[in-house]
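Take a look at the structure set out below.
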Amino acid sequence: MNQRHLTSSQRSRFVEAVVELKRAGRYEKYVRLHGKYFAADGETGLRMAHMAPTFFPWHRQFLLVFERELQSLDPTVTVPYWDWTVDRSPSSALWADDFMGGNGRDSDGQVMTGPFAYRTGNWPIRYGVTKEKYLTRNMGRPDRPIALPTRAELDGALSIATYDTAPWNSAPGTKGFRNKFEGWTVSETKGGYLHNRVHQWVGGHMTGGTSPNDPIFWLHHAFCDLLWVRWQRRHPHSGYLPAAPLGAKDPEHGRVVSLHEKMPPFGVTPAEVLDHRRFYTYEES
Ligand code: CU1
Ligand code: CU1
């Protein structure tokens with residue numbers, strides 16, 4: 001459900017479950033896994049989590065596995081979502097001391113407040129692309145300011161009826177909802193589009209392949225997942241693409257996963273996770 005409607009008890013139970021997972025040494029595998037599947041267009045081999053049609057189904061499965069593990073600690077916990085078209089400010093209750101904690105400080109980006117501040121001892125960073133042992137944020141990127149995506153920008157992407165198109169990557173020529181939403185097409189003033197710009201707006205650990213180091217990752221991707229649901233409802237006759245494996249002569253052969261091929265490391269196909277109602281419901285608002 002929307003994080004802004006959580007009760008204070010629900011807020012603290014979510015935080016406690018996440019911190020407990022970290023304490024038990026069971027959190028880093030999500031950071032590692034995400035880093036491992038953060039392949040770029042230029043690299044060889046399968047593109048899975050990003051810059052590929054599997055962006056939505058892979059992250060759905062990633063969130064489901066994470067949520068189930070939280071529920072093994074506290075069965076009442078679910079991953080809430082952050083609607084960044086509404087909660088657009090560093091002073092939002094989202095970033096309060098009892099939930100996600102605040103912005104990084106000016107000198108080194110270190111998050112100093114809330115349950116994930118380094119000095120609480122709850123949240124040492126053990127696996128990152130940078131050397132910092134503390135969680136970092138740089139909201140709004142003051143040196144080159146960017147704003148969170150607006151409702152109008154989001155509607156622009158949701159109105160695209162085609163899920164994805166060849167060459168199924170992050171190039172500007174790859175039209176379709178998935179590429180527009182994922183947002184690798186970058187403008188200097190605005191940053192990336194939609195999903196990527198939210199990572200950039202939070203800044204710090206959220207900008208790299210090991211972005212799950214910042215627990216806001218889960219709330220961001222829960223909202224991305226809900227937006228996939230809204231896109232599906234808006235375009236009931238549009239399905240996941242590619243529907244069939246790419247031919248041997250296709251330059252993207254062996255690099256993208258089609259509807260009925262398995263997504264590593266989960267062993268499920270996009271087709272198996274297309275309908276979120278098999279796994280959970282959303283309380284929208
Ligand atoms: Cu990701
Ligand atoms: Cu992301």
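Order of appearance sets the numbers: ligands from 1, and atoms from 1 within every ligand. Residue numbers count from 1 along this sequence.
The distance between the ring centers of H59 and H220 does not fall below 6.0 angstrom.
Considering just the N/O/S atoms of H199, the one nearest the Cu ion (ligand 2) carries the name NE2. Atom NE2 is the N/O/S atom of H221 found closest to the Cu ion (ligand 2). Among heteroatoms of the N, O or S kind in H34, NE2 lies nearest the Cu ion (ligand 1).
Figure legend: cation-pi geometry between R32 and Y127, with NZ or CZ positioned under 6.0 Å from the six-membered ring centre and within 45° of its axis. For the pair R11 and F99, the distance from NZ or CZ to the six-membered ring centre is under 6.0 Å and the angle to the ring normal is within 45 degrees. Remark: K180 is positioned above the aromatic ring of Y193, its terminal NZ or CZ atom under 6.0 angstrom from the ring centre and at most 45 degrees off the axis.
Under 2.8 Å from the Cu ion (ligand 2) lies an N/O/S atom of H195, whether from backbone or side chain.
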